[in-house]
Amino acid sequence: MNLRKKFSGQYMLICMFAFFIIFSLIIGVIVQLQNIRDYKEQITTLKYELDDTEKQLKSVKNSKAYRNDAELEDLARNQLGMVKQNEIIYLEK
């Protein structure tokens, strides 16, 4: 009879541990799915901003408001807020 009580306690402990592991996995999957949804929204927003910036750049190029590449670069930096690759940007609060 004592042997049966001993195994009963171990069985209960194993069940609680298994429940904890399964619960943790389910919560982890839910969090990851939410992160994926948020990243997809960010990607959509960034694609829209990229398309908008490309349209603005084309309109600046087509307007012939610049005489050389230096003036075009100045327009892109000041009006469109563009930067070169590998350039470090410092923002003031």
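Note that the coordinates shown come from a computational prediction; the quantities given were computed from them, not determined experimentally.
Here Glu87 pairs with Arg77 under the salt bridge (charged side-chain N to carboxylate O under 4.0 Å, His left out) rule; sequence neighbours left out.
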I'd like a table of donor-acceptor pairs (distance under 3.5 Å, sequence neighbours excluded) in which one partner is a side-chain atom from residues 39-50, with atom names and distances.
from  : atom 1 : to    : atom 2 : distance (Å)
Thr44 : OG1    : Lys40 : O      : 2.9
Thr45 : OG1    : Glu41 : O      : 3.0

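The distance from atom CE of Met12 to atom CD of Gln10, rounded to the nearest 0.5 Å, is 13.5 Å.
Hydrophobic cluster of Leu25: the remaining members, joined at side-chain heavy-atom separations below 4.5 Å, are Phe17, Phe20, Ile21, listed by chain and number. Applying the under-4.5 Å side-chain rule to Ile, Leu, Val, Met, Phe, Trp and Tyr, the cluster around Ile26 extends to Ile22, Ile30.
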